[in-house]
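Reviewing the structure listed below.
Each chain gets a letter, A, B and so on, in the order the sequences are listed, and its residues count up from 1.
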Amino acid sequence: MNDLLLTIIEVLIKGMVLVTFILLGAAVQVYLERKISAFIQGRIGPNRAGPFGLLQPFADVIKLFMKEDIFPKLAFKRFHQFAPVISMGIAIVVYAVIPFADPVKITMADGTVKEIVMGVAPNLNIGILFILAMTSVGVYGLTLAGWSSNSKYSLLGGLRSAAQMISYELSMGLAIIGVLMICGSFSLSDIVTHQKGWFWHWNIFAQPLAFIIFMVSSFAEMNRTPFDLPEAEPELVGGYNTEYSGMKFGMFFLAEYSNMATGSILLILLFFGGWHLPFPQEWLGLQTGSIALGIVQLAVFLFKLLAVIFFIIWVRWTVPRFRYDQLMHMGWRMLLPLALLNIAVTGIILFII
Amino acid sequence: MSLTFLFFGILAVLAIATAVICVSNKNPVVSAMALVAHFFMLAGLYLTLQAQFIAILQILIYAGAIMVLVIFVIMLLNLGDEEKLREKTKYRKILASLLGIGFIAMLCSVYLGGGLGNKATSPMAITIGAPAALGKELFTNYLFAFEAIALLLLTAIIGAVVLAKRKVD
């Protein structure tokens with residue numbers, strides 16, 4: 001019973017730290033998004049709240065909290081209230097299976113060595129499937145928000161998001177299969193450990209086609225430009241969240257940024273060697289399981305994460321939005337056959353080797 | 001009382017509750033969402049049986065793909081008029097209740113016949129839920145059934161494509 005209690009306390013602490021970092025991460029992403037888009041468009045961006053406008057995201061959140069919470073008269077109240085909860089909850093629950101570094105070994109006072117895994121449940125042997133399942137369930141938040149608002153713009157946004165996410169989920173899942181065939185495991189820790197050592201062990205060099213398919217589909221899953229049709233402002237006012245105000249809108253907003261971080265993390269874990277340095281760790285004289293290695297790995301992970309997020313924001317201001325038929329055409333007629341081809345080719349090569 | 005039993009109790013009660021909501025609610029969207037919740041509870045029940053792979057596929061396929069399509073269709077059709085959807089025929093209700101009673105009787109006979117109480121889980125059962133063990137079984141002992149199902153699904157896909165390709169007059 002004592003062990004159980006300790007495990008529960010450990011998971012609770014990790015969970016609280018994670019949620020705090022997810023919310024703080026969303027604030028950092030909002031700030032980066034604003035600053036980088038301002039830079040690309042030749043503006044200055046937020047510069048009033050705090051030094052360099054650093055407090056801008058917090059000002060945004062306070063504004064959202066202060067706003068009146070408006071219910072449309074004809075809305076289906078229960079679901080209208082519940083939809084942001086689904087979106088936000090699903091966005092956070094995904095982090096339960098994400099590992100952030102190799103396990104760290106700590107010597108306790110009585111001499112026993114305790115291994116602490118960096119993440120809530122990172123060694124789950126169905127880790128990647130868990131993430132896929134949860135992101136596919138995340139569609140309900142958007143569709144229900146669109147349907148329950150009882151407004152034509154919201155409904156169109158909700159329908160678009162459902163259609164888009166179903167279509168791109170498929171090629172996303174099939175793209176991952178190539179990586180899984182090479183690594184031979186569903187566990188995210190195993191996939192990252194497989195890419196240890198020099199940077200040419202990273203999966204992006206073994207599976208370039210899978211990387212491209214996965215990246216494009218994860219852009220679609222994150223609802224980022226060029227796939228932001230569910231919330232295309234010029235056509236739909238605001239898409240599925242048109243009728244939301246105050247913190248309920250804020251929850252969709254947070255969920256979106258948290259999904260963006262999840263997508264980036266998946267890209268890093270599957271294709272960019274996760275938390276591993278681009279050269280063997282022995283070069284820095286770091287022992288496996290030491291605390292120093294844990295810190296270095298966390299820093300490497302964070303650096304890669306920021307780089308991918310920068311790339312995603314950069315794409316937003318580079319590529320224009322797709323038309324709806326182009327989006328469907330690309331998902332079903334280009335990415336899906338290419339993903340299947342990738343699986344076949346990978347299978348043949350693995351059979352020969 | 002073990003932790004597994006506690007989880008089983010909570011999940012079983014919630015599964016029955018969501019199933020009842022799914023059948024009894026008049027709003028089609030509420031029904032569909034209750035069914036989604038029910039699938040989650042079922043996945044939880046699979047987890048208590050150490051079948052992680054089945055549990056996650058339950059969510060991925062049923063809750064994540066099939067029910068999204070169902071909700072999509074309900075939203076597109078916008079079934080507003082509930083009076084039209086109400087069952088009017090009597091004999092269906094009678095037939096349904098008879099079948100229900102039969103099902104409960106069957107469950108009771110199985111439960112009482114097998115004896116009550118906990119059965120010890122064999123160590124094999126813990127590994128069999130993992131993807132590797134499941135895959136090995138599927139591609140060796142059950143290869144024929146697996147291929148037959150694959151062929152069946154292929155036929156269904158071809159059928160769907162043929163139906164969708166038909167020109168609308």
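- Contacts of residues 79-93 of chain A with chain B at a heavy-atom distance below 4.5 Å involve F79(A), I86(A), listed in sequence order.
- Within 6.0 Å of CZ in F7(B) there are 12 or fewer heavy atoms belonging to other residues, nucleotides or ligands.
- Neither the backbone nor the side chain of M165(A) comes within less than 4.5 Å of any heavy atom in chain B.
- Summarising the geometry of L129(A) relative to L60(B), their closest heavy-atom pair is CD2-CD2, 4.3 Å, with the distance given to 0.1 Å.
- Put simply, of I59(B), I56(B), I71(B), the one with the most heavy-atom pairs under 4.5 Å next to chain A is I56(B).
- Neither the backbone nor the side chain of L170(A) comes within contact range of chain B; no heavy atom of the residue lies under 4.5 Å from a heavy atom of that chain.
- Residue contact with chain A, scored on non-hydrogen atoms closer than 4.5 Å, involves the side chain of M33(B) exclusively.
- Distance check, rounded to the nearest 0.5 Å: CZ of F72(B) to OG of S161(A) gives 9.0 Å.
- Nearest approach of S136(A) to G64(B), heavy atoms of both residues: OG-CA, 3.5 Å.
- Contacts of V36(B) with chain A are made by side-chain atoms alone, with heavy-atom separations under 4.5 Å and no backbone atom involved.
- Interface remark: I166(A) contributes side-chain atoms only to the contact with chain B (heavy atom separation under 4.5 Å).
- If you measure heavy-atom distances from F130(A) to chain B, the contacts under 4.5 Å come from both the backbone and the side chain.
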Evaluation steps, side-chain contact (heavy atoms from CB on, under 4.5 Å), between V68(B) and Y140(A): CA-CA 7 Å; V68(B) 173; Y140(A) 289 115; 3.7 Å; yes

